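Here is the structure we will look at.
Source: prediction; values computed, not measured.
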Amino acid sequence: MRKITEKIAIVAQICITLIFVVTTLLYITGVIPYNEGIIDNGVFVTLLIILAITYGLLSAYIIYVNFSEYEALRQVLLFCDSESSTRANVKVVRNIVRSCDKKVNNIRVRRVKMRLDEKQGFVITLKVDVAGNELSVAIDKLRCLIADSFKNTLNLTFNSINFEIRRLKSRYTPNVERAEKLAKTLSEQRELSADIYEQPFQDNCEECEKSDGESTESEENGTETDEK
(Lines give C-alpha, C1' and ligand atoms only; values in the text may rest on other atoms or scores of the structure.)
Protein backbone atom coordinates (compact mmCIF):
# COMPACT_ATOMS: atom_id res chain seq x y z
CA MET A 1 0.00 0.00 0.00
CA ARG A 2 2.81 2.37 0.81
CA LYS A 3 4.52 1.82 -2.52
CA ILE A 4 1.27 2.59 -4.39
CA THR A 5 0.83 5.83 -2.43
CA GLU A 6 4.43 6.77 -3.16
CA LYS A 7 3.92 6.25 -6.91
CA ILE A 8 0.74 8.36 -6.88
CA ALA A 9 2.59 11.13 -5.02
CA ILE A 10 5.44 11.11 -7.56
CA VAL A 11 3.04 11.28 -10.54
CA ALA A 12 1.08 14.13 -8.93
CA GLN A 13 4.29 16.02 -8.18
CA ILE A 14 5.45 15.66 -11.79
CA CYS A 15 2.10 16.94 -13.07
CA ILE A 16 2.23 20.03 -10.84
CA THR A 17 5.82 20.66 -11.92
CA LEU A 18 4.79 20.49 -15.59
CA ILE A 19 1.98 22.99 -14.94
CA PHE A 20 4.42 25.48 -13.41
CA VAL A 21 7.00 24.94 -16.18
CA VAL A 22 4.48 25.31 -19.01
CA THR A 23 2.93 28.41 -17.43
CA THR A 24 6.34 30.00 -16.97
CA LEU A 25 7.33 29.26 -20.57
CA LEU A 26 4.09 30.75 -21.89
CA TYR A 27 4.74 33.96 -19.97
CA ILE A 28 8.35 34.13 -21.11
CA THR A 29 7.53 33.56 -24.78
CA GLY A 30 4.65 36.06 -24.68
CA VAL A 31 1.89 33.59 -25.50
CA ILE A 32 0.12 34.72 -22.35
CA PRO A 33 0.43 38.52 -22.15
CA TYR A 34 1.39 39.85 -18.77
CA ASN A 35 -0.77 43.00 -18.93
CA GLU A 36 -4.16 41.39 -19.50
CA GLY A 37 -4.96 41.17 -15.81
CA ILE A 38 -4.59 37.39 -15.40
CA ILE A 39 -2.34 37.85 -12.40
CA ASP A 40 -5.03 40.00 -10.78
CA ASN A 41 -7.58 37.20 -11.20
CA GLY A 42 -8.35 35.81 -7.76
CA VAL A 43 -9.24 32.33 -9.04
CA PHE A 44 -5.92 32.01 -10.86
CA VAL A 45 -3.91 33.14 -7.84
CA THR A 46 -5.84 30.79 -5.55
CA LEU A 47 -5.15 27.90 -7.91
CA LEU A 48 -1.43 28.67 -7.90
CA ILE A 49 -1.36 28.81 -4.10
CA ILE A 50 -3.16 25.46 -3.83
CA LEU A 51 -0.78 23.87 -6.33
CA ALA A 52 2.25 25.27 -4.48
CA ILE A 53 1.04 23.94 -1.11
CA THR A 54 0.23 20.55 -2.64
CA TYR A 55 3.66 20.42 -4.24
CA GLY A 56 5.34 21.14 -0.92
CA LEU A 57 3.35 18.46 0.91
CA LEU A 58 4.07 15.87 -1.78
CA SER A 59 7.77 16.71 -1.66
CA ALA A 60 7.86 16.31 2.12
CA TYR A 61 6.06 12.97 1.90
CA ILE A 62 8.40 11.60 -0.78
CA ILE A 63 11.48 12.69 1.19
CA TYR A 64 10.13 11.03 4.33
CA VAL A 65 9.33 7.77 2.53
CA ASN A 66 12.73 7.53 0.85
CA PHE A 67 14.85 8.45 3.85
CA SER A 68 12.87 6.73 6.59
CA GLU A 69 14.62 3.63 7.96
CA TYR A 70 11.63 2.35 9.89
CA GLU A 71 9.35 1.11 7.15
CA ALA A 72 7.09 -1.53 8.66
CA LEU A 73 6.73 -4.77 6.72
CA ARG A 74 3.31 -6.20 5.95
CA GLN A 75 4.56 -9.54 4.65
CA VAL A 76 7.67 -11.66 4.99
CA LEU A 77 9.01 -13.77 2.15
CA LEU A 78 9.87 -17.19 3.57
CA PHE A 79 11.05 -19.03 0.44
CA CYS A 80 10.44 -19.03 -3.29
CA ASP A 81 11.43 -20.73 -6.52
CA SER A 82 10.77 -20.25 -10.21
CA GLU A 83 7.17 -21.46 -9.89
CA SER A 84 5.87 -20.22 -6.55
CA SER A 85 6.59 -18.18 -3.45
CA THR A 86 5.52 -18.46 0.18
CA ARG A 87 4.93 -15.44 2.38
CA ALA A 88 3.83 -14.93 5.96
CA ASN A 89 1.48 -12.13 6.93
CA VAL A 90 2.28 -9.82 9.82
CA LYS A 91 -0.70 -11.31 11.70
CA VAL A 92 1.05 -14.67 11.70
CA VAL A 93 4.13 -13.05 13.19
CA ARG A 94 2.06 -11.36 15.90
CA ASN A 95 0.31 -14.60 16.80
CA ILE A 96 3.64 -16.40 17.24
CA VAL A 97 4.99 -13.58 19.42
CA ARG A 98 1.90 -13.47 21.60
CA SER A 99 1.86 -17.22 22.02
CA CYS A 100 5.42 -16.90 23.35
CA ASP A 101 4.73 -14.08 25.78
CA LYS A 102 1.96 -16.14 27.43
CA LYS A 103 4.67 -18.52 28.60
CA VAL A 104 6.59 -15.75 30.36
CA ASN A 105 5.32 -14.28 33.59
CA ASN A 106 5.15 -10.52 34.24
CA ILE A 107 5.60 -9.45 30.60
CA ARG A 108 3.07 -8.74 27.88
CA VAL A 109 3.68 -7.74 24.27
CA ARG A 110 1.45 -4.84 23.18
CA ARG A 111 2.80 -4.09 19.71
CA VAL A 112 4.91 -5.91 17.12
CA LYS A 113 6.77 -4.17 14.30
CA MET A 114 9.07 -5.61 11.63
CA ARG A 115 11.42 -3.88 9.23
CA LEU A 116 14.51 -4.44 7.11
CA ASP A 117 17.90 -3.32 8.37
CA GLU A 118 20.94 -2.12 6.42
CA LYS A 119 21.98 -5.73 5.71
CA GLN A 120 18.53 -6.54 4.26
CA GLY A 121 17.83 -8.75 7.25
CA PHE A 122 14.74 -8.78 9.41
CA VAL A 123 14.51 -6.77 12.63
CA ILE A 124 11.60 -7.11 15.01
CA THR A 125 10.73 -4.50 17.65
CA LEU A 126 8.40 -5.36 20.52
CA LYS A 127 6.66 -2.84 22.76
CA VAL A 128 6.06 -4.56 26.07
CA ASP A 129 4.57 -3.99 29.50
CA VAL A 130 6.64 -5.42 32.34
CA ALA A 131 5.66 -6.11 35.94
CA GLY A 132 8.05 -7.19 38.65
CA ASN A 133 11.71 -6.67 39.41
CA GLU A 134 13.35 -9.38 37.29
CA LEU A 135 13.27 -7.40 34.08
CA SER A 136 16.33 -8.83 32.34
CA VAL A 137 15.35 -12.44 33.08
CA ALA A 138 11.86 -12.02 31.61
CA ILE A 139 13.09 -10.26 28.47
CA ASP A 140 15.87 -12.78 27.85
CA LYS A 141 13.45 -15.68 28.25
CA LEU A 142 10.95 -14.11 25.84
CA ARG A 143 13.69 -13.37 23.31
CA CYS A 144 14.89 -16.98 23.35
CA LEU A 145 11.34 -18.31 22.97
CA ILE A 146 10.66 -16.01 20.01
CA ALA A 147 13.90 -16.95 18.26
CA ASP A 148 13.25 -20.67 18.75
CA SER A 149 9.59 -20.47 17.62
CA PHE A 150 10.32 -18.57 14.40
CA LYS A 151 13.27 -20.81 13.58
CA ASN A 152 11.29 -24.04 13.94
CA THR A 153 7.94 -22.90 12.50
CA LEU A 154 8.70 -20.46 9.69
CA ASN A 155 12.45 -21.12 9.36
CA LEU A 156 12.91 -17.40 9.91
CA THR A 157 15.84 -15.83 11.75
CA PHE A 158 15.92 -12.21 12.92
CA ASN A 159 19.10 -10.17 12.80
CA SER A 160 17.92 -8.34 15.89
CA ILE A 161 15.09 -8.66 18.40
CA ASN A 162 14.58 -5.30 20.10
CA PHE A 163 12.43 -4.48 23.11
CA GLU A 164 10.85 -1.17 24.04
CA ILE A 165 9.43 -1.01 27.54
CA ARG A 166 6.19 0.92 27.33
CA ARG A 167 5.12 0.49 30.95
CA LEU A 168 6.93 -0.83 34.02
CA LYS A 169 5.24 -1.91 37.25
CA SER A 170 7.83 -2.55 39.93
CA ARG A 171 7.42 -3.06 43.66
CA TYR A 172 11.07 -2.48 44.41
CA THR A 173 11.70 -0.09 47.29
CA PRO A 174 15.20 1.38 47.44
CA ASN A 175 17.16 1.29 50.70
CA VAL A 176 17.47 4.94 51.73
CA GLU A 177 19.98 4.36 54.53
CA ARG A 178 22.28 2.34 52.31
CA ALA A 179 22.04 4.99 49.61
CA GLU A 180 23.03 7.69 52.10
CA LYS A 181 26.07 5.68 53.23
CA LEU A 182 27.13 5.12 49.63
CA ALA A 183 26.68 8.79 48.84
CA LYS A 184 28.84 9.77 51.83
CA THR A 185 31.52 7.28 50.77
CA LEU A 186 31.53 8.62 47.23
CA SER A 187 31.85 12.17 48.53
CA GLU A 188 34.84 11.21 50.67
CA GLN A 189 36.49 9.40 47.77
CA ARG A 190 35.94 12.44 45.56
CA GLU A 191 37.59 14.72 48.11
CA LEU A 192 40.49 12.29 48.54
CA SER A 193 41.05 12.07 44.80
CA ALA A 194 40.98 15.88 44.57
CA ASP A 195 43.69 16.09 47.25
CA ILE A 196 45.79 13.51 45.42
CA TYR A 197 45.56 15.50 42.18
CA GLU A 198 46.37 18.78 43.90
CA GLN A 199 49.45 17.45 45.77
CA PRO A 200 51.77 17.23 42.70
CA PHE A 201 50.96 20.84 41.83
CA GLN A 202 51.78 21.99 45.35
CA ASP A 203 55.07 20.05 45.31
CA ASN A 204 56.00 21.59 41.97
CA CYS A 205 55.22 25.06 43.26
CA GLU A 206 57.41 24.53 46.33
CA GLU A 207 60.27 23.27 44.17
CA CYS A 208 59.89 26.29 41.88
CA GLU A 209 60.03 28.66 44.87
CA LYS A 210 63.16 26.92 46.20
CA SER A 211 64.88 27.07 42.82
CA ASP A 212 63.94 30.74 42.42
CA GLY A 213 65.33 31.49 45.90
CA GLU A 214 68.56 29.65 45.18
CA SER A 215 69.03 31.44 41.86
CA THR A 216 68.41 34.80 43.55
CA GLU A 217 70.98 34.08 46.27
CA SER A 218 73.57 32.97 43.70
CA GLU A 219 73.03 36.15 41.71
CA GLU A 220 73.43 38.29 44.85
CA ASN A 221 76.63 36.42 45.84
CA GLY A 222 78.01 36.89 42.35
CA THR A 223 77.27 40.59 42.48
CA GLU A 224 79.04 41.01 45.82
CA THR A 225 82.13 39.18 44.53
CA ASP A 226 82.36 41.42 41.50
CA GLU A 227 82.17 44.53 43.68
CA LYS A 228 85.00 43.31 45.86
*Does Arg166 pair with Asp129 as a salt bridge, N-O distance under 4.0 Å?*
yes
Measure the [atom1]-[atom2] distance between [X] and [Y] for me, rounded to the nearest 0.5 Å.
X	Y	atom1	atom2	result
Leu145	Ile96	CG	CD1	12.5 Å
Cys144	Ile161	SG	CD1	8.5 Å
Arg98	Lys102	CZ	NZ	9.5 Å
Leu154	Thr86	CG	OG1	10.5 Å

Does one hydrophobic cluster hold both [X] and [Y], with members joined at side-chain heavy-atom distances below 4.5 Å?
X	Y	answer
Val92	Phe150	yes
Leu126	Val90	no
Val123	Phe163	no
Leu168	Val128	yes

*Return the minimal non-hydrogen interatomic distance between Val109 and Asp101, and the atom names on each side.*
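In this case the closest contact between Val109 and Asp101 is N-OD2, 2.9 Å.
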_Ser59 versus Gln13, side-chain donor and acceptor atoms under 3.5 Å_ =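 Gln13 vs Ser59: donor-acceptor pair found between side chains.
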*So with a 6.0 Å cut-off around CD of Glu177, is the heavy-atom count from everything else above 12?*
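Not buried by this count: 12 neighbours or fewer within 6.0 Å.
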